[in-house]
Amino acid sequence: MPRSPRRAFARPATEVAPDLLGQVLARRLSDGRVLRARIVETEAYEQDDPASHAYRGRTPRVRVMFGPPGHLYVYFTYGMHHCMNVVTGPKGTGSAVLLRAAQPLEGMDRMSVHRGTDRILDLCRGPGRFAQAFDVDRSLVRGSEIWIERDPTAVSAIVRSGPRIGIRVGTDRPWRFWIDGPWVSLSRPAAPSPR
DNA sequence: TCCCCGATTAACT
DNA sequence: GTTAATCGGGGAG
């Protein structure tokens, strides 16, 4: 599958976030094994957005958000979790798209080791889980083998949107985007229909 | 330097 | 439904 070029992310996060749905995050591990997962849930964080880490300007932590688009901004939170973001907008703009959930496609056995569970549904369901499944933390630096692919055979799905999760401000902006299904965070496998 | 709290998760009742 | 785990960022002093 073709890699999405960096310029594909040189747009507002609110445009990139829904566009990323259905695209595939891929990573080559040090032993050559490749992990792949289809992105099904994202959130946009713009610079003039009180919920964004970039809202208070350029600090050491968020400097990569202000860098060139297409890079990965990884942050550490709650003392134990890492979250992955794709940097968006032109260089100098502090914006990014949080990768919240994905459908595992390839390398699930390895993801299970990283996650410490065999439950496929839980491998990449939630931003902390997604990053852990891909063994991504702040040691990932420029040049690491991680990229995004666009699957030309993918069928388009209906993109839903709503308020972002886990924030106290900026809740009026409906900048969470997802594709319905069991892989989205805060969802459980569909219960048997009563009919 | 101190202190609060977070773009979360898992394990509880 | 609630809450502990766990630590770095960044504002206040």
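Convention: sequence-line order gives letters A, B, ...; per-chain numbering from 1.
- Comparing A:Gln132 and A:Met65 by the nucleotide of DNA chain B whose heavy atom lies nearest to each, the residue mapping closer to the 5' end is A:Met65.
- Whole-Å rounding puts the A:Phe130 CZ to B:dT9 P distance at 12 Å.
- A:Ser185 and A:Glu41 share a donor-acceptor pair across their side chains, judged by distance under 3.5 Å alone.
- Counting only heavy atoms from C-beta on, A:His81 has its side chain closest to B:dT8 among B:dT8, B:dA7, B:dA10.
- What separates NE2 of A:His82 from P of C:dC7 is a distance of 11 Å, to the nearest Å.
- In this entry the distance linking CG of A:Leu123 with P of B:dA10 reads 11 Å, nearest Å.
- Checking side-chain atoms of A:Arg150 against main-chain N and O of A:Ser4 turns up no donor-acceptor pair under 3.5 Å.
- One finds a side-chain N or O of A:Arg100 lying less than 4.0 angstrom from the OP1 or OP2 phosphate oxygen of B:dT8.
- Within the structure, no pair that satisfies the salt bridge (charged side-chain N to carboxylate O under 4.0 Å, His left out) test touches residues 53-80 of chain A, not counting sequence neighbours.
- When the C1' atom is compared between C:dT3 and B:dC5, the two are found 15 Å apart, to the nearest whole Å.
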Below 3.5 Å is the cut-off: list the nitrogen or oxygen pairs between protein and nucleotides 9-13 of chain C, distance only.
from	atom 1	to	atom 2	distance (Å)
C:dG9	O3'	A:Arg61	NE	3.2
C:dG10	OP1	A:Thr59	OG1	2.8
C:dG10	OP2	A:Thr59	OG1	3.1
C:dG11	OP1	A:Arg56	NE	3.4

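- The residue A:Arg115 sits close only to the backbone: its heavy atoms come under 4.0 Å of sugar-phosphate atoms, none of a base.
- Consecutive Watson-Crick or G-U pairs involving DNA chain B, each under 3.5 Å on both distances, make up stems of three or more pairs at B:1-6 with C:7-12, B:8-12 with C:1-5.
- To the nearest angstrom, P of C:dT6 lies 20 Å from OH of A:Tyr75.
- With distances taken from any side-chain atom of A:Arg168 to the nucleotides C:dA5, B:dA7, B:dG6, the minimum falls on B:dG6.
- Without hydrogens or angle criteria, A:Arg138 side chain to A:Tyr75 main chain gives no donor-acceptor distance under 3.5 Å.
- Contact annotation: side chain of A:Tyr78 to base of C:dA5, donor-acceptor pair absent below 3.5 Å.
- Side-chain contact between A:Asp151 and A:Gln23 is absent, with no heavy atoms from C-beta onward closer than 4.5 Å.
- Between A:Phe76 and A:His82, the ring planes are tilted. Angles from 30° to 60° get that label.
- The separation between A:Arg125 atom CZ and B:dT8 atom C1' is 13 Å, rounded to whole Å.
- In this structure, a donor-acceptor pair under 3.5 Å is absent between the side chains of A:Trp147 and A:Glu145.
- At distances below 3.5 Å, not a single donor-acceptor pair connects side-chain atoms of A:Gln103 with backbone N or O atoms of A:Ala37.
- Residue contacts shown for A:Leu98 include a base, since a base heavy atom lies under 4.0 Å away.
- Taking atom CD on A:Glu46 and atom C1' on B:dA7, their separation rounds to 14 Å, with Å as the unit.
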Inset, instruction - Dump the intermediate steps for salt bridge (charged side-chain N to carboxylate O under 4.0 Å, His left out) on A:Arg100 and A:Glu43, then the final yes or no. - result: CA-CA 7 Å; A:Arg100 286 196 57 93; A:Glu43 285 179 359; 3.7 Å; yes

